[in-house]
Amino acid sequence: MSVDIPHSDFLDCPTGLVEYYFADGKFRWSDGLYRMYGYERGEVVPSMDMVLPHVEPEDREKVQAYWEHVAAHGGPASIYVSIRDRKDRQHKLLYSADYILEGSTPVGVWGVVVDLTTSIHTDRHQLATEAVAASAVNRAAIEQAKGILMGRTGVTADEAYGLMSQLSQDTNRKVYAIAHEIIERATTRAGEQADAGDPENQDHPLL
């Protein structure tokens with residue numbers, strides 16, 4: 001049976017595979033897994049003793065307990081850990097493992113390892129970019145609203161901001177929300193020359 005998986009950044013992350021057979025007690029890694037730790041095949045012999053020093057100290061006990069659980073009880077089971085590769089670069093890895101079965105008999109453990117580091121950094125960068133963009137838009141709105149208040153009421157720039165800040169505190173809303181409201185109200189009034197008796201077109205508290 002095939003399963004269609006939608007494309008996502010997750011599918012673009014580096015992956016590695018590991019197998020461990022109880023009979024010989026040896027770990028077998030894919031080339032991708034070697035590279036996550038900063039090695040090429042043949043440079044090291046993969047083992048728990050070799051892996052643990054790469055794991056961040058706070059995650060080592062968790063990794064040991066995870067391995068013991070999967071080896072004794074199978075899975076599927078997953079764990080999220082931080083490691084340092086050969087060049088001391090941090091990686092955020094997701095392990096997922098289960099039994100290797102011959103018929104119904106467990107003969108080993110296999111696992112897939114996904115390096116989420118790039119995806120996480122990309123997401124953080126995107127969030128930061130969006131936050132900066134939103135901040136710039138809100139700052140521009142505040143400046144525009146200050147200009148409207150100055151033109152309509154004759155107050156100074158500092159006084160205009162003070163009025164918005166006070167209304168923000170009184171109504172428990174953000175200053176930028178007050179600013180957007182002032183801009184919208186001023187734009188609406190200028191465009192429609194509304195009837196003063198229309199309840200939907202009453203003046204803004206600051207205009």
Side-chain angles (χ1 to χ4, degrees), residues 4-15 35-36 38 54-63 66 78-96 113-207:
D4 292 329
I5 303 176
H7 178 79
S8 69
D9 289 341
F10 180 83
L11 298 181
D12 293 330
C13 295
T15 59
R35 285 193 290 271
M36 287 182 198
H54 285 281
V55 177
E56 295 284 19
E58 63 270 20
D59 285 344
R60 289 173 188 172
E61 185 175 342
K62 180 171 65 174
V63 169
Y66 169 76
S78 299
I79 188 175
Y80 179 71
V81 300
S82 298
I83 70 160
R84 295 276 175 179
D85 68 17
R86 186 182 192 176
K87 295 182 178 179
D88 200 38
R89 296 170 299 195
Q90 188 179 65
H91 297 256
K92 301 291 187 177
L93 304 183
L94 177 66
Y95 289 80
S96 184
V113 185
V114 183
D115 189 341
L116 299 175
T117 308
T118 301
S119 177
I120 291 171
H121 287 172
T122 299
D123 290 344
R124 286 177 178 170
H125 177 73
Q126 181 176 350
L127 289 173
T129 300
E130 290 172 353
V132 169
S135 177
V137 169
N138 292 333
R139 184 178 297 276
I142 290 172
E143 292 301 317
Q144 185 177 352
K146 284 165 58 178
I148 292 171
L149 290 178
M150 291 165 66
R152 295 288 181 88
T153 65
V155 298
T156 67
D158 288 343
E159 289 170 340
Y161 184 81
L163 290 171
M164 289 191 292
S165 179
Q166 185 60 55
L167 184 58
S168 170
Q169 295 177 31
D170 293 344
T171 60
N172 195 29
R173 289 181 294 161
K174 301 292 187 182
V175 173
Y176 66 76
I178 301 293
H180 283 287
E181 187 178 77
I182 290 171
I183 295 167
E184 181 180 358
R185 181 68 190 131
T187 303
T188 300
R189 288 189 62 189
E192 66 186 14
Q193 296 295 315
D195 177 34
D198 186 344
E200 292 186 0
N201 292 304
Q202 295 299 313
D203 287 340
H204 188 277
L206 298 183
L207 294 177

*Is there side-chain contact between Val63 and Tyr95, with heavy atoms separated by less than 4.5 Å?*
no
*Are any non-hydrogen side-chain atoms of Leu149 and Met164 less than 4.5 angstrom apart?*
yes
*Enter the distance from Thr171:OG1 to Ile178:CD1 here, rounded to the nearest 0.5 Å.*
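Result: 4.0 Å between the selected atoms.
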*Between atom CG of Leu93 and atom CD1 of Ile83, what is the distance when rounded to the nearest 0.5 Å?*
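Output value for this atom pair is 4.5 Å.
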*Checking Ser168 side chain against Arg173 main chain: does a donor-acceptor pair fall under 3.5 Å?*
yes
_With a 3.5 Å distance limit and no angle check, can you tell me whether Ser165 reaches the backbone of Tyr161 through a side-chain donor-acceptor pair?_
no
*Indicate whether the side chain of Asp115 and that of Thr117 have a donor and an acceptor atom separated by less than 3.5 Å.*
yes
State whether the number of non-hydrogen atoms from other residues, nucleotides or ligands found under 6.0 Å of [X] atom [atom1] is greater than 12.
X     : atom1 : value
Lys62 : NZ    : yes
Glu56 : CD    : yes
Tyr66 : OH    : yes

*State which residues pass side-chain contact (heavy atoms from CB on, under 4.5 Å) with Glu143; sequence neighbours excluded, sorted by chain then number.*
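Scan of Glu143 (side-chain contact (heavy atoms from CB on, under 4.5 Å), adjacent residues dropped) gives Lys146.
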_Closest heavy-atom pair and its distance - Met36, Thr15_ = CE-C, 3.3 Å
_Heavy-atom closest pair, residues Leu94 and Ser78_ = CD1-CB, 4.4 Å
*Using the test ring pair (Phe, Tyr, Trp, His ring centres under 6.0 Å), find all partners of His54 that sit at least two apart in sequence or belong to another chain.*
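Listed in chain order: Tyr37, Tyr39.
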